[in-house]
Amino acid sequence: MLKYKIADNILNKSNYYYVLLIVLLLLSIIYVFMSLPLQVGDADIWIHLGGGWYFSTHGSLESDSHFSFIQPQRHLINYPWLFQVIVYKIYSFTGEQGLVAFRTLSFISILLLILLFLYKRQKENIYYVFFVIIVYAAVLMSRYSVLRPHVFSYALIAAFLYVLEYYPRKTFILPILALLWSNVHGITYPVMLLILLAYGAEPSLLRIWPGLCKDDKNKSNTLFTLPLVIAMMMIFVTPNGLALIETPFNPVNFAETYIVELRKYSINELLPMFLSLISPTSMLVLIAFLSFFRSLLNKSIRLAHALLFVGGTILLLKGIRFLNEFILLALPIVATTNPFENLLHPINKSGKAKIFFLAINTIVFILSLSSLDNHLSTAKKANINIPWGVAQFLLGLDAGGNIVNEPNYGGYMKWMLYPKYKIFMDMQVPNLFTDVDVYAGFNVFKEDIVLKKIIEKYNPDFFSVPFKYRVFSNLIKRYPNYTAIFFDDADVLYINKNIYPKIADQYDLKELDPFALGSDLMEQVNIDKSDNYTAELKRIYDIYPSLISSLSLARIYNQKGQYEHALPYTDVAIKNFPEIPATYNMKAETLSGLHKYKEAIKVLDVALSKARDLEKQGIYHQLYICYFNLGDKKRAYKALKKSVDVYSQESSYEDIYNLAALSIIYGQPSDPQTLFNISLLKLPPEREDLRVKIETALKAIKK
């Protein structure tokens, strides 16, 4: 009897439980998004801040490539001008943290709009509302982690749908929202027109063909259509005038090959997405299509919903970037038609089933929190790929001129360095720069002929070269007037000695090869080189304590056995780059050198909590060293076993031998013989002493 009372109590309070989960989800999102760096994934926010600065300084729109030294200048249709002004004003008063708060507020706002939209249609199926809002949050999260004009256009899609769906007599609000939409993200005006036409045409079509809608409750309510027409006209009320109309239809045939979000989905890609449940995106797309087909079969679909869904599907086929427009345009049909209603109808009557579904949704909730945490960690690690140090160094020079940069982070370089310096380009493609510009912007670092033509045409003052273009260090040797003078964690900076001979002489890296330091986690550091090598590294570190310079100096001192000198550099690395496991690993190595093994183990535990699977082997190897030196052979064995991939060519014969020796006590009976034989196979001829030990051990095992 007691268990039935408990079940009834859970059933009666289940709605409150879901409300609690939703509140916790929103609070978790606020925490994660407030912790996310402003710069995540791309440099577009700096492009927009630069545009806002230009408008505030000059009183006119940014309309050409004035910040670029490419000739002739390119013309720009500045469709997000109002967004640029808004974010620049927020930044001016509150700094980066204000923009982080604005991004967080934008995400929470659209989630609340979606939640309200769902709840008004599915309040009796709170479990469905909860599941769908989690999936929407998971899909939209990565897009909202970057601050771009879409944070307005997505919210405006939801706002338009909400007004037209639930308050059709209050459409007088829409012209104001349309004016905002046309100026913050005008290039997406076709989506706005689709929404207005879908709802605006529905009453007329139903009068002509009343049989189009079977269910009276799904027919549209009285709609004030004149505001819809006025709202459509707002696309002409922008500083761009008629020029905005053709902007969404500019060809992107080549751009889609190097900008992932412009790439089109093929049918072969979409079909597996519908059938797969391994990602929130596939789940949401599947729910949308199931809702659509179920409402078609029931003949209960609203005409406006059908038009929105078909229009959204066409957009989806035109590019990956329209995925979010699709899921938002599908919102009315997802909210109206629960595709699982018949399947889950017993939940409303069965206490056990409802408790089971509560448990499932709780698990989904926990997984969503884990996804948020992973997103935060990944974003912070990605933040290292921006040339923060190079920009600061350039600002400190008594210089100016032209900088050849990689386009991906051109927005940041433009924001930081203009007007003192002009860059090659940013990623405003194809609305400002051309496909040929993009080809030159990336391949100048890889192709000798492209590099030659850029130098002949522009004779640049600087090259800011990402570490991934290691081939550039060989290409630039053909132009001895260029020399490396600085680097951070993203780029190596070269200067034209003919233009700035004094700066080149002062900062020339005669001993250091930055591209060698930037590979294999500083494995190229060589303590046998001259003191000038370390002196140059310290000079770079004093200007900007990058991850590379910090860990390189720590490694040098560790290799020399000067662990007390290495420790401050590891502390600085951890402070500046707390999400990078290598910083903790280096500190643990230093502490081990000082025989502070217990402290090293604590540091390594933190490293493990932040490391991906591929990064954990090195951490476990450090743990093995610590436990072994503390005399804890059992834990040493467990750590070494996790650090050694026996069948990898990178695993040393010493580690495999040590693992074999420890496995005699702690491993399976068959382990030692296999491991000893593998270590014997890898053993170099000069290790005769170890060969004798292994053969002796094998004989003992056989006995």
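Throughout, residue positions are numbered sequentially from 1 according to the sequence presented.
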The single option from V285, I134, V139 passing side-chain contact (heavy atoms from CB on, under 4.5 Å) against P280: V139
Stepwise side chain to side chain contact (heavy atoms under 4.5 Å, CB included) check, S295 with T336: CA-CA 9 Å; S295 60; T336 302; over 6 Å; no
Side-chain donor or acceptor of Y88 paired with backbone N/O of G51 under 3.5 Å: no
Y136 side chain to L328 backbone, donor-acceptor under 3.5 Å: no
Check: T337 main-chain N/O paired with S291 side-chain donor or acceptor under 3.5 Å: yes
Contacts of Y167 that satisfy ring pair (Phe, Tyr, Trp, His ring centres under 6.0 Å) - sequence neighbours left out: Y162
Any donor-acceptor pair under 3.5 Å from N240 side chain to I77 backbone: no
For Y439, all residues meeting side-chain hydrogen bond (donor to acceptor under 3.5 Å, both in side chains), sequence neighbours excluded: E447
Candidate pair M192 and L156, rule side chain to side chain contact (heavy atoms under 4.5 Å, CB included), full reasoning: CA-CA 9 Å; M192 180 179 73; L156 286 166; over 6 Å; no
Among T94, T104, L49, the one residue meeting side-chain contact (heavy atoms from CB on, under 4.5 Å) with L99: L49
Backbone N/O of V87 and side chain of H48: donor-acceptor pair under 3.5 Å: no
Short side-chain to backbone donor-acceptor contact, N408 and M427, under 3.5 Å: no
Distance (rounded to the nearest 0.5 Å) between R148 CZ and H185 NE2: 8.5 Å
Side-chain H-bond candidate by donor/acceptor type, E165 with H305, under 3.5 Å: yes
D44 side chain vs P149 backbone, donor-acceptor pair below 3.5 Å: no
Verdict with reasoning, F83 to L147, per side chain to side chain contact (heavy atoms under 4.5 Å, CB included): CA-CA 10 Å; F83 171 80; L147 186 53; 4.2 Å; yes
Under the ring pair (Phe, Tyr, Trp, His ring centres under 6.0 Å) test, residues paired with F326 that sit two or more places apart: F289, F309
Working for side chain to side chain contact (heavy atoms under 4.5 Å, CB included), residues L329 and T313: CA-CA 9 Å; L329 291 171; T313 303; over 6 Å; no
No-hydrogen, no-angle side-chain donor-acceptor test under 3.5 Å, T188 and W181: yes
Shortest non-hydrogen contact between L315 and E325, atoms and distance: CD1-CB, 4.3 Å
Donor + acceptor pair across side chains of Q428, N431 (<3.5 Å): no
Donor + acceptor pair across side chains of D437, T434 (<3.5 Å): yes
Euclidean distance, M232 CE relative to Y189 OH, rounded to 0.5 Å: 13.0 Å
Expected output: side-chain Q122 to main-chain V129 donor-acceptor under 3.5 Å: no
Main-chain N/O of L36 paired to R103 side chain as donor or acceptor, under 3.5 Å: yes
